[in-house]
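A, B, ... follow the sequence lines: proteins, then strands. Residue 1 opens every chain.
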Amino acid sequence: MEKEIAFLMDVYRRLYDYFGPRGWWPGETPLEVVIGAILTQSVAWRNVEKAIDNLKDANLLSVEALAVVDQEALEPLIVPTRYYKAKAKKLKVFINHLVGDHNGHLDSLFQGEMEEVRRKVLSLWGIGPETADSILLYAGNHPTFVVDAYTRRIFHRLGIFPEDVNYETMREYFMRHLPVDISLYNEYHALIVGLGNRVCAANKPDCRQCPLHDVCQKFRKESAHA
DNA sequence: GTCCTGGTGG
DNA sequence: CCACCCGGAC
């Protein structure tokens, strides 16, 4: 048990020393974080920025404006994020719940015991575990660990998870072995994403410049063959 | 052609 | 388990 804490904190320190603080989430307000978390599903963040700029230019970055805008009017603005019809619906579903059950206030939505809030957010159509945890951590200041496809890929290569590990198993691993710390969870996930899209790529990982190469099982195996 | 901070429905 | 949603950068 103590070994896992030491390992996870060593990985964290290496990533932090390599990248520095990432300053996440890249959104200016809690509402923007929520919108970004939905729009970034399976899409590069670069595309999300375009959509958020479009929403901002249309004066739609407020609960009041999003509450009255038609779903069909939302669609053309978020085309850069792919699946724009589905995502327009997801945004409306979230806003409708926020207005209907919380008088439009995110503070009210986030109030209460974390797992209770998480179940409530997860029950909304279009909000899966990664989006829910991103919203809870980065907009709601709840200490939940966000995991994603990068986390699975990186920690599988490190030798920690099987390739087909599910979301909840990964989340529980981090939350069981790390101290409950919002800032740590915030930065750790951001660093994992940084490594995932800059170094530990799906096809051609750049293992030579990876700050984790000497503790990586996959790297050791490939070296053993050389 | 590949990959990108997923989620739903069959 | 798999199809679908369905744009943009490299």
Side-chain angles (χ1 to χ4, degrees), chain A residues 11-12 15-16 18-19 21-28 30 32-55 71-72 74-97 118-140 142 144-157 161-171 173-174 182 184-206:
Chain A
V11 167
Y12 176 78
L15 293 176
Y16 190 89
Y18 186 78
F19 288 108
R22 307 297 322 276
W24 268 32
W25 182 283
E28 295 180 8
E32 230 179 282
V33 173
V34 170
I35 294 169
I38 290 172
L39 294 183
T40 199
Q41 291 172 358
S42 197
V43 166
W45 181 254
R46 166 176 23 225
N47 294 36
V48 178
E49 287 181 318
K50 294 185 175 224
I52 293 197
D53 285 344
N54 289 341
L55 293 173
Q71 190 175 306
E72 292 73 23
L74 222 41
E75 291 172 0
L77 302 175
I78 63 174
V79 163
T81 66
R82 267 183 112 178
Y83 319 128
Y84 54 88
K85 292 191 177 184
K87 286 179 177 177
K89 181 178 175 183
K90 292 176 185 182
L91 291 177
K92 287 298 286 184
V93 165
F94 185 90
I95 294 294
N96 287 342
H97 175 259
R118 186 174 190 263
R119 278 191 293 275
K120 188 169 54 184
V121 172
L122 262 178
S123 73
L124 298 177
W125 186 88
I127 308 290
E130 183 184 343
T131 308
D133 284 324
S134 295
I135 289 172
L136 258 67
L137 176 65
Y138 292 105
H142 277 292
T144 181
F145 200 95
V146 181
V147 301
D148 60 354
Y150 288 148
T151 314
R152 178 182 293 102
R153 186 163 80 213
I154 291 168
F155 283 82
H156 167 64
R157 286 173 174 172
F161 297 143
E163 197 158 21
D164 61 347
V165 63
N166 66 41
Y167 187 96
E168 294 299 333
T169 302
M170 289 193 288
R171 175 176 181 260
Y173 177 83
F174 287 96
I182 294 170
L184 176 66
Y185 290 1
N186 179 322
E187 195 62 50
Y188 210 143
H189 174 65
L191 290 166
I192 286 171
V193 172
L195 191 74
N197 60 31
R198 295 192 205 177
V199 180
C200 197
N203 267 359
K204 297 172 186 173
D206 191 359

Enquirer: From C-beta outward on Pro26(A), which listed nucleotide comes closest to its side chain: dT5(B), dC5(C), dC4(B)?
Expert: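 Selected nucleotide (nearest to the side chain): dT5(B).
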
Enquirer: Counting side-chain heavy atoms from C-beta on, which of dG8(C), dC6(C), dT5(B) comes nearest to Pro80(A)?
Expert: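 Output: dG8(C).
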
Enquirer: Taking dC1(C) as the reference, what is the distance to dC4(B) when you measure between their C1' atoms (whole Å, please)?
Expert: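 Taking atom C1' in both dC4(B) and dC1(C), they lie 23 Å apart.
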
Enquirer: Any base atoms under 4.0 Å from Ile192(A), or only sugar-phosphate, or nothing? Heavy atoms, all strands.
Expert: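 Nothing: the residue Ile192(A), judged by heavy atoms under 4.0 Å, touches no strand.
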
Enquirer: Once you apply a heavy-atom cut-off of 4.0 Å, does Lys87(A) come out as touching a base, just sugar-phosphate, or nothing?
Expert: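 Nothing, no heavy atom under 4.0 Å.
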
Enquirer: Just to confirm, is there a sub-4.0 Å distance from OP1 or OP2 of dA9(C) to any side-chain nitrogen or oxygen of Lys50(A)?
Expert: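 Yes, because at least one side-chain N or O of Lys50(A) sits under 4.0 Å from OP1 or OP2 of dA9(C).
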
Enquirer: Side chain of Trp24(A) only, heavy atoms from C-beta on: which candidate in dC4(B), dG8(C), dT5(B) is closest?
Expert: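 Given the options dC4(B), dG8(C), dT5(B), the side chain of Trp24(A) is closest to dT5(B).
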
Enquirer: Do we see a donor-acceptor contact under 3.5 Å between the side chains of Asn47(A) and Thr81(A)?
Expert: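 No.
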
Enquirer: Is it true that Ser42(A) and Arg82(A) share a donor-acceptor pair across their side chains at a distance under 3.5 Å?
Expert: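 No, because no side-chain N or O of Arg82(A) sits under 3.5 Å from a partner of the opposite role on Ser42(A).
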
Enquirer: How is Arg22(A) classified with respect to the nucleic acid when contacts are heavy atoms under 4.0 Å: base, sugar-phosphate, or nothing?
Expert: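 Since no nucleic acid heavy atom lies under 4.0 Å of Arg22(A), the category is nothing.
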
Enquirer: Can you confirm whether the side chains of Tyr167(A) and Asp148(A) place a donor and an acceptor under 3.5 Å from each other?
Expert: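 Absent: no donor and acceptor within the cut-off.
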
Enquirer: May I ask you to say what Leu191(A) touches in the nucleic acid, namely base, sugar-phosphate or nothing, with a heavy-atom cut-off under 4.0 Å?
Expert: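 No contact.
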
Enquirer: Would you mind reading off the distance between Leu39(A) atom CG and dG7(B) atom P, rounded to a whole angstrom?
Expert: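 Rounded to the whole Å, the gap is 13 Å.
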
Enquirer: Which is true for Val79(A) with a 4.0 Å heavy-atom rule: it touches a base, it touches only sugar-phosphate, or it touches nothing?
Expert: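 Counting heavy atoms under 4.0 Å across all strands, the contact made by Val79(A) is with sugar-phosphate only.
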
Enquirer: Choosing from dT5(B), dC4(B), dG6(B), which nucleotide comes nearest the side chain of Trp25(A)?
Expert: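 For the Trp25(A) side chain, the nearest candidate turns out to be dT5(B).
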
Enquirer: Using atom NZ of Lys90(A) as one end and atom C1' of dC6(C) as the other, report the distance to the nearest whole Å.
Expert: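 The answer, rounded to whole Å, is 12 Å.
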
Enquirer: Does OP1 or OP2 of dC10(C) have a side-chain N or O of Arg46(A) closer than 4.0 Å?
Expert: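 The answer is yes; a side-chain N or O of Arg46(A) sits under 4.0 Å from OP1 or OP2.
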
Enquirer: Taking the six-membered ring for Trp, are Phe161(A) and Phe155(A) parallel (under 30°), tilted (30 to 60°) or perpendicular (over 60°)?
Expert: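 The arrangement is tilted - the two ring planes meet at 30° to 60°.
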
Enquirer: Under 4.0 Å between a side-chain N or O of Ser134(A) and OP1 or OP2 of dT5(B)?
Expert: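 For dT5(B), OP1/OP2 do not have a side-chain N/O of Ser134(A) under 4.0 Å.
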
Enquirer: Is Asn47(A) near enough to dA9(C) that one of its side-chain N or O atoms lies under 4.0 angstrom from OP1 or OP2?
Expert: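 So the side-chain polar atoms of Asn47(A) never come under 4.0 Å of the phosphate oxygens OP1 or OP2 of dA9(C).
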
Enquirer: Arg82(A) or Pro129(A): which one's nearest nucleotide on DNA chain B is closer to the 5' end?
Expert: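 On the 5' side of the pair lies Arg82(A).
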
Enquirer: Does the plane of the ring in Phe145(A) sit parallel, tilted or perpendicular to the ring in Tyr185(A)? Use 30° and 60° as the thresholds.
Expert: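 It falls in the perpendicular class, over 60°.
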
Enquirer: Establish, with yes or no, whether the OP1 or OP2 oxygen of dC3(B) is under 4.0 angstrom from a side-chain nitrogen or oxygen of Asn197(A).
Expert: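 So the side chain of Asn197(A) is outside the cut-off, no N or O lying under 4.0 Å from OP1 or OP2 of dC3(B).
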
Enquirer: Which whole number of Å gives the distance between the P atom of dC5(C) and that of dT5(B)?
Expert: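 One P to the other, the span is 22 Å.
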
Enquirer: By nearest atom, which of the nucleotides dC3(B), dC6(C), dG6(B) is closest to the Asn203(A) side chain?
Expert: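 It is dC3(B).
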
Enquirer: Between dC4(B), dG6(B), dT2(B), which one does the side chain of Tyr150(A) approach most closely?
Expert: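 Nearest to the side-chain atoms of Tyr150(A), counting from C-beta on, is dC4(B).
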
